[in-house]
Each structure stands twice: as structure tokens, then as C-alpha cells.
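Just so it is clear, the structure is predicted and the values come from calculations on it, not from any experiment.
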Amino acid sequence: LDCQRYITQFEEQGYSKNTVQIEMAVLRMIFAHAVLAGDIDANPAREIKHGRHLPKAKRTALTEEQERNVTNCRKGNWWLMGMMLLYTGCRRGELLALTWADIDRAAGVIHITKKLNYAYGNTPKLEAHLKSENGKRDIPLFQPLADVLPRNRIGKIFTDEDGNYLTEGRLRTAWMDYCRDAELTEWVYDEKGKPAEVPAVTPHCFRHSFATMCYEAGLDPKTTAEIVGDTEQVVQSVYTELRKNHKITGLEKVNAFLAMKAAMREEEQVE
């Protein structure tokens with residue numbers, strides 16, 4: 001009952017279904033460890049359930065202003081992280097596992113062959129297997145990124161001060177620093193009404209922006225799927241949403257144009 005109350009209170013704070021499910025999974029793992037350690041006989045979190053009709057978190061692409069901020073930012077130690085996320089469409093773990101040797105300027109591609117997995121705790125685990133069968137791939141080195149990539153470097157691209165892969169804690173700090181430098185933060189209020197500055201975007205938002213770029217450039221879903229390392233069905237669903245949004249945008253543009261023409265006619269009649 002205590003576990004169920006905890007989850008219910010967590011839901012009442014407005015968290016999405018995915019976040020609630022993650023919280024439930026953490027509870028179950030904690031008590032599963034207690035069972036294995038002999039501290040308790042049964043897992044009290046096994047039977048708890050979340051409520052129905054929980055909000056679903058919708059990951060969106062960056063706004064045009066945010067994209068400009070990313071492209072123009074050269075401040076701090078992490079500006080290249082944003083540029084590479086935006087112009088490769090990499091998943092977070094794929095990007096953080098990259099080395100300078102993975103960037104093949106002669107062939108004009110970036111080799112994606114590994115990822116960092118943060119599911120095992122604070123310290124990431126380097127894995128050769130990727131999220132999907134399409135994960136191992138070569139991403140074209142697009143010109144805006146090629147123009148700013150440093151040359152003649154060796155080793156890992158994104159590391160801590162000792163040259164090691166970023167731990168999850170260090171990554172959170174680095175991401176917050178980057179978002180401040182690129183003006184990608186927002187202010188929220190905690191339960192006590194105290195304001196706090198937080199990132200306004202996640203690395204996955206950049207992946208959506210990259211898919212949007214591919215769509216607007218006229219790439220078909222199959223080609224985009226090969227670049228981002230996902231299935232054609234997933235990309236097709238993203239494209240479907242983009243087509244819907246572009247139809248709305250097109251409607252707004254035409255309505256604005258017609259309104260302007262109507263205003264011009266009224267001015268002519270007055271004259």
C-alpha cells in the first residue's frame with residue numbers, strides 16, 4: 001500500500017506515463033535487490049499499477065530560434081556537442097562514444113559503431129551493439145558541421161577533465177552548462193515556489209530537428225532511416241506528423257496572403 005500511495009502521489013505531480021513507469025521500475029529493482037539480499041521475503045512493488053490516462057510526454061524538435069542559437073554558439077566547452085547532435089541526428093549514447101578517428105573527412109562520413117549505455121549506473125558502459133539493426137551506419141558529414149569540426153585530433157571527442165567518458169552525473173552538469181551557453185534554458189518553480197533554471201531541451205529534441213531537416217530537404221523516409229539508424233516505419237510516423245504540421249503552416253501562409261490582398265483591395269477602393 002505504501003508503494004501504491006507513493007506512485008499515486010508521484011502521478012499527481014503531473015509526470016508523464018513514461019516517467020511514472022520508470023519510477024515504478026526503480027521501485028521494483030530496489031525491492032528485488034532486498035529480496036536477493038535476504039532483507040525481505042517478497043517484493044512489495046511487484047503488484048502496484050499506475051493510473052489510466054496519464055499524460056504522454058511529446059518530444060518535439062527545436063524551434064527555429066533554438067536552432068539558430070545552437071548554430072551560432074561557440075561559448076564554453078560543450079558547444080560542439082550541440083552542433084554534432086543537430087547535424088548528425090545521433091542518439092545521446094552514440095554521440096558520446098565517438099572518437100576523432102570515427103570522423104572520416106576523406107569519405108565525408110561519420111562512422112557510428114558503438115554507444116555508451118548509462119543503464120548500469122553512474123559510470124557508462126561502452127557497447128558495440130546499438131539500439132537497432134540499423135544502428136551501425138555511416139552518417140554523411142554535412143557542411144555546417146564539417147566547417148566547424150577541429151582537425152588533427154585524437155582520442156575521445158567528449159570527455160571529462162581526465163580524458164574519461166562522461167559519467168551520467170558529469171553529463172548532466174555538462175548539458176546544463178551547454179544549455180546556458182546556447183541560451184536553451186527555462187525557469188520553472190518547485191513545490192515551494194522557488195525558481196530554478198533547467199534545460200529547455202533534451203538531446204533527443206535535436207534528433208527530431210535533424211529528421212525535420214531531412215524532410216524539408218526532400219529526403220525520402222528510407223534514406224532518412226538509414227542516416228538516423230532507425231526503422232523506416234518510425235521515420236514514416238515522424239514524417240506523417242511533419243506533413244500535418246506543414247499543412248497547417250501552409251494554410252496559415254495562404255490565409256495571411258489572402259488577408260493582405262483583401263486589405264490592398266480595400267485601400268484601392270478608398271483611394
Counting distance only, does the side-chain N/O of [X] pair as donor-acceptor with the main-chain N or O of [Y] below 3.5 Å?
X: Glu23; Y: Phe10; answer: no
X: Arg91; Y: Gly135; answer: no
X: Ser209; Y: Leu62; answer: yes

In a table with atom names and distances, give each donor-acceptor pair under 3.5 Å that connects a side chain of residues 30-48 to protein atoms at least two apart or in another chain.
from, atom 1, to, atom 2, distance (Å)
Asn43, OD1, Ala45, N, 2.9
Asn43, ND2, Arg28, O, 3.1

- Check the pair Thr99, Ile154 against side-chain contact (heavy atoms from CB on, under 4.5 Å), reporting the backbone distance first and the verdict last. CA-CA 7 Å; Thr99 66; Ile154 59 174; over 6 Å; no
So do [Y] and [X] actually touch side chain to side chain, heavy atoms under 4.5 Å?
X: Val70; Y: Gln66; answer: no
X: Arg74; Y: Val148; answer: yes
X: Lys114; Y: Asp102; answer: yes
X: Arg180; Y: Glu197; answer: yes
X: Ile139; Y: Val228; answer: no
X: Tyr178; Y: Leu85; answer: no
X: Glu216; Y: Leu242; answer: no
X: His208; Y: Val201; answer: no

- Answer yes or no: are there more than 12 heavy-atom neighbours, outside Glu64 itself, under 6.0 Å from its atom CD? no
- Message: Using a 6.0 Å cut-off, check whether atom CE of Met264 has over 12 heavy atoms from anything other than its own residue.
- Response: no
- Message: Among residues at least two apart in sequence or on other chains, which ones pass ring pair (Phe, Tyr, Trp, His ring centres under 6.0 Å) with Trp79?
- Response: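 Ring pair (Phe, Tyr, Trp, His ring centres under 6.0 Å) list for Trp79, sorted by chain: empty.
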- What pairs with Phe210 under ring pair (Phe, Tyr, Trp, His ring centres under 6.0 Å), at least two apart in sequence or on another chain?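 Phe210 satisfies ring pair (Phe, Tyr, Trp, His ring centres under 6.0 Å) with Phe142 once adjacent residues are dropped.
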Who passes side chain to side chain contact (heavy atoms under 4.5 Å, CB included) against [X], sequence neighbours left out?
X: Glu65; result: Thr63, Arg68, Asn69
X: Arg153; result: Trp100, Pro150
X: Thr159; result: Lys156

Shortest non-hydrogen separation from [X] to [Y] and the atoms involved:
X: Ala146; Y: Leu141; result: CB-CG, 3.8 Å
X: Arg207; Y: Gly89; result: NH1-O, 2.6 Å
X: Arg137; Y: Ile227; result: NE-O, 2.7 Å
X: Tyr118; Y: Leu116; result: OH-CD1, 3.7 Å

- Would you check if the distance from the ring center of Phe158 to the ring center of Trp175 is below 6.0 Å?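 Ring-ring flag for Phe158/Trp175: false, centres at least 6.0 Å apart.
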- Carefully, step by step, assess Leu96 and Met81 under the rule side-chain contact (heavy atoms from CB on, under 4.5 Å). CA-CA 9 Å; Leu96 296 175; Met81 185 184 294; 4.1 Å; yes
Distance, nearest 0.5 Å, that separates [atom1] of [X] from [atom2] of [Y]:
X: Arg243; Y: Tyr215; atom1: CZ; atom2: OH; value: 5.5 Å
X: Thr71; Y: Met83; atom1: OG1; atom2: CE; value: 5.5 Å
X: Gln21; Y: His50; atom1: CD; atom2: NE2; value: 4.0 Å
X: Thr60; Y: His204; atom1: OG1; atom2: NE2; value: 10.5 Å

- Yes or no on side-chain contact (heavy atoms from CB on, under 4.5 Å) for Met84 and Phe206, after CA distance, side-chain angles and deciding distance? CA-CA 9 Å; Met84 293 190 72; Phe206 291 67; over 6 Å; no
- Do the charged groups of Lys115 and Glu127 touch, with an N to O distance under 4.0 Å? yes
Please name all residues satisfying salt bridge (charged side-chain N to carboxylate O under 4.0 Å, His left out) with [X], sequence neighbours left out, ordered by chain then number.
X: Asp181; answer: none
X: Lys49; answer: none
X: Glu183; answer: none

Which pairs would a plain distance check flag for residues 164-171, meaning a side-chain donor or acceptor within less than 3.5 Å of a matching protein atom at least two apart in sequence or in another chain?
from, atom 1, to, atom 2, distance (Å)
Thr167, OG1, Arg170, N, 3.1
Arg170, NH2, Glu161, OE2, 3.0

- Can you list the residues that meet the side-chain hydrogen bond (donor to acceptor under 3.5 Å, both in side chains) rule with Arg5, with sequence neighbours excluded?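 In terms of side-chain hydrogen bond (donor to acceptor under 3.5 Å, both in side chains), with neighbours along the sequence ignored, Arg5 is linked to Asp2.
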- Which pairs pass side-chain hydrogen bond (donor to acceptor under 3.5 Å, both in side chains) with one or both residues in residues 219-229, sequence neighbours excluded? Asp220-Thr223, Thr224-Tyr239
